[in-house]
Student: 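Shown below is the structure under consideration.
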Amino acid sequence: MQRREVLLRERIDELEKQGDYVGMVQPLTDLVDVLSRKCNGPGCAISTETADYAATLDRLGGLHRNLGNLDEAQDIYSEAVKVSAAVFGTNDPNYATTLNNYAGLQRLRKDYAASDDAYLRAEKIYNVTLGPDHVLTISCLNNRGLLRQDEGHFEDALELHQEALRRLRGRSGAEIAEATTLNNIATALYGQGKVEEALARMEEASKIYLENVGKASDLYLGQVNNLASMNLAIGNFAAAVKQLEWVVCRARESFGPGSQPARISAQNLAFAYQQLGRDADARKVCAEAEPR
């Protein structure tokens, strides 16, 4: 059993480094089975082994969720919530994290009532055990705000995101979380038709990313792409072109000329060129994006 566990962990780490998340499914499933037998199921007392079992179940559920296997993820997360409650108790931050992840899955499944309930329970546990200003507590505020956006309740969403921002402002080490929250505020404002305010919040977030991670970061690349997408949506084609020209260049450097990020950003740039009457530039960038 011990030897098999070691081999499975090594294989999972290898596949993760390769980015082969589909390939990770079976060995991670096998590891869950090994750990379940090792700790004797969800009724066992808390220990390193049982905590590992709970965390691995959560990881497997997250993998299925990210791959779009929502039915499989539902079954696994339902079990993960039970195991986590048995292992840690229902007033523990580890249990709250599993609830938070479960809530995210329900949001994807559009079971908004179940998602809201789980987010609220997780937030309450974090609030009591870690405090209202802990990054995990604040993440629940943001997550509930995103849920409200999914439901089309943009004013309620904005209140939650703004409260999250208030708690994050000026805190050392919380800059990225602050930028993420500003982006959430931008989408909530955009949902209300407040386009200029939305753009200003997203530009503010872009400056924070630039100051904290630099132009070489893929995180900053994604942020500029999001900003360009908003400019496209509101018809600021000249601004979008300037941003997308940089995005296309960086995406090709970072992911390769034929990669999906490079091709999608090139298509967006071609569209922006066309809106400005720059058809030759549009054809050129599309041709450069073609696989060779």
Side-chain angles (χ1 to χ4, degrees), residues 107 135 138-139 141-171 174-255 260-278 281-282 285 289:
R107 181 181 153 218
V135 65
I138 297 170
S139 75
L141 276 174
N142 266 322
N143 288 337
R144 287 202 291 122
L146 293 172
L147 175 61
R148 293 291 176 269
Q149 291 197 47
D150 287 353
E151 295 175 307
H153 301 153
F154 296 108
E155 290 186 10
D156 293 341
L158 186 59
E159 288 183 11
L160 289 165
H161 294 316
Q162 287 177 331
E163 175 59 21
L165 183 64
R166 186 190 67 77
R167 298 187 194 182
L168 289 167
R169 283 290 198 195
R171 289 180 52 187
E175 292 82 6
I176 300 304
E178 181 180 340
T180 300
T181 304
L182 282 165
N183 281 330
N184 293 341
I185 288 173
T187 57
L189 287 166
Y190 184 77
Q192 296 180 66
K194 299 176 180 178
V195 174
E196 294 304 321
E197 289 181 59
L199 191 59
R201 297 291 79 73
M202 192 167 277
E203 288 174 341
E204 187 180 352
S206 299
K207 290 178 182 177
I208 293 174
Y209 279 123
L210 180 60
E211 291 170 0
N212 287 275
V213 300
K215 284 188 175 182
S217 168
D218 290 341
L219 190 62
Y220 180 67
L221 170 62
Q223 175 63 20
V224 177
N225 188 61
N226 291 339
L227 183 58
S229 295
M230 179 165 285
N231 274 314
L232 279 179
I234 64 179
N236 289 345
F237 299 118
V241 160
K242 184 177 180 181
Q243 291 152 358
L244 284 167
E245 286 175 339
W246 181 84
V247 168
V248 168
C249 182
R250 276 281 292 106
R252 287 172 176 171
E253 290 175 356
S254 186
F255 304 109
Q260 186 177 26
R263 286 188 286 107
I264 291 174
S265 57
Q267 290 167 4
N268 290 338
L269 177 57
F271 173 77
Y273 279 146
Q274 289 170 344
Q275 304 314 302
L276 296 173
R278 297 171 59 177
D281 289 328
V285 75

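Remember, predicted model here, so these are calculated numbers, not experimental data.
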Student: Using only atom types and a distance under 3.5 Å, with no angle test, would you say the side chain of Ser254 pairs donor to acceptor with the backbone of Ala251?
Tutor: no

Student: For residues Thr181 and Leu168, determine if any side-chain heavy atom of one lies less than 4.5 Å from a side-chain heavy atom of the other.
Tutor: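 They are in side-chain contact.
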
Student: Hey, does the side chain of Ser265 reach the backbone of Ala262 with a donor-acceptor pair shorter than 3.5 angstrom?
Tutor: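 Yes, Ser265 side chain to Ala262 backbone: donor-acceptor pair under 3.5 Å.
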
Student: Val241 vs Asp281, test: side chain to side chain contact (heavy atoms under 4.5 Å, CB included). Steps then yes/no.
Tutor: CA-CA 11 Å; Val241 160; Asp281 289 328; over 6 Å; no

Student: Which value, rounded to the nearest 0.5 Å, describes the distance between Leu160 atom CG and Glu155 atom CD?
Tutor: 12.5 Å

Student: Under 4.5 Å between any side-chain heavy atoms of Leu199 and Leu227, yes or no?
Tutor: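 A side-chain contact under 4.5 Å exists here.
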
Student: Check side-chain contact (heavy atoms from CB on, under 4.5 Å) between Ala205 and all other residues, then give those that pass, not counting sequence neighbours.
Tutor: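 Partners of Ala205 under the side-chain contact (heavy atoms from CB on, under 4.5 Å) test: Ala179, Leu182, Asn183, Gln223.
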
Student: If you define the side chain from C-beta out and look only at heavy atoms, does anything of Tyr209 sit under 4.5 Å from Val224?
Tutor: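 The answer is no, as the side chains (C-beta and beyond) never meet within the 4.5 Å cut-off.
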
Student: What is the minimum heavy-atom distance between Gly170 and Glu178, and which atoms define it?
Tutor: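 Reported closest heavy-atom pair: N-OE1, 4.4 Å.
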
Student: Supply the atom-to-atom distance Gln162 CD to Leu141 CG, rounded to the nearest 0.5 angstrom.
Tutor: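 With rounding to 0.5 Å, CD (Gln162) is 12.0 Å from CG (Leu141).
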
Student: Please walk me through it: do Tyr190 and Gln149 pass side-chain hydrogen bond (donor to acceptor under 3.5 Å, both in side chains)?
Tutor: CA-CA 10 Å; Tyr190 184 77; Gln149 291 197 47; over 6 Å; no

Student: Could you measure the distance from the CG atom of Asn142 to the OG1 atom of Thr180? Nearest 0.5 Å is fine.
Tutor: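 Here the rounded value is 8.0 Å.
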
Student: Would you give the length of the straight line joining atom CZ of Phe154 to atom CZ of Arg148, rounded to the nearest 0.5 angstrom?
Tutor: 12.5 Å

Student: Would you say the side chain of Asp150 lies within less than 4.5 Å of the side chain of Leu146, judging by non-hydrogen atoms?
Tutor: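 No, too far: nothing below the 4.5 Å cut-off.
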
Student: Rounded to the nearest 0.5 Å, what separates atom CG in Leu158 from atom CG in Asn184?
Tutor: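 Spacing of CG (Leu158) from CG (Asn184) equals 10.5 Å.
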
Student: For residues 207-235, which residue pairs qualify under salt bridge (Lys or Arg N to Asp or Glu O under 4.0 Å), counting only residues two or more places apart or in two chains?
Tutor: Asp218-Arg250

Student: Compare every heavy atom of Ala188 with every heavy atom of His161, then report the nearest pair and how far apart it is.
Tutor: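 That would be CD2-CB, 4.3 Å.
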
Student: Do Phe237 and Asn231 make a side-chain contact, defined as non-hydrogen atoms from C-beta onward lying under 4.5 Å apart?
Tutor: no

Student: Report the C-alpha distance between Arg166 and Glu159 in whole Å, list the side-chain angles of each, state the deciding distance to 0.1 Å, and finish with yes or no for salt bridge (charged side-chain N to carboxylate O under 4.0 Å, His left out).
Tutor: CA-CA 10 Å; Arg166 186 190 67 77; Glu159 288 183 11; over 6 Å; no

Student: Just so I know, are the side chains of Tyr220 and Ile208 near enough to count as touching, which here means a heavy-atom distance under 4.5 Å?
Tutor: no

Student: Can you give me the closest heavy-atom contact between Ala228 and Gln243, atom names plus distance?
Tutor: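 Residues Ala228 and Gln243, closest heavy atoms: CA-OE1, 3.2 Å.
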
Student: Are any side-chain N or O atoms of Glu163 and backbone N or O atoms of Ile138, one a donor and one an acceptor, separated by less than 3.5 Å?
Tutor: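 No, because the side chain of Glu163 does not come within donor-acceptor range (under 3.5 Å) of the backbone of Ile138.
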
Student: Is any side-chain heavy atom of Leu221 less than 4.5 Å from a side-chain heavy atom of Phe255?
Tutor: yes

Student: Hey, are the side chains of Asn225 and Leu244 touching, using non-hydrogen atoms and a 4.5 Å cut-off?
Tutor: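 Of all side-chain heavy-atom pairs linking Leu244 with Asn225, at least one is under 4.5 Å.
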
Student: Could you grab the distance from atom CD of Glu151 to atom CZ of Arg107, nearest 0.5 Å is fine?
Tutor: 10.0 Å

Student: Do Ser206 side-chain atoms and Met202 backbone N/O form a donor-acceptor pair below 3.5 Å?
Tutor: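 Looks like yes, one N/O pair under 3.5 Å.
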
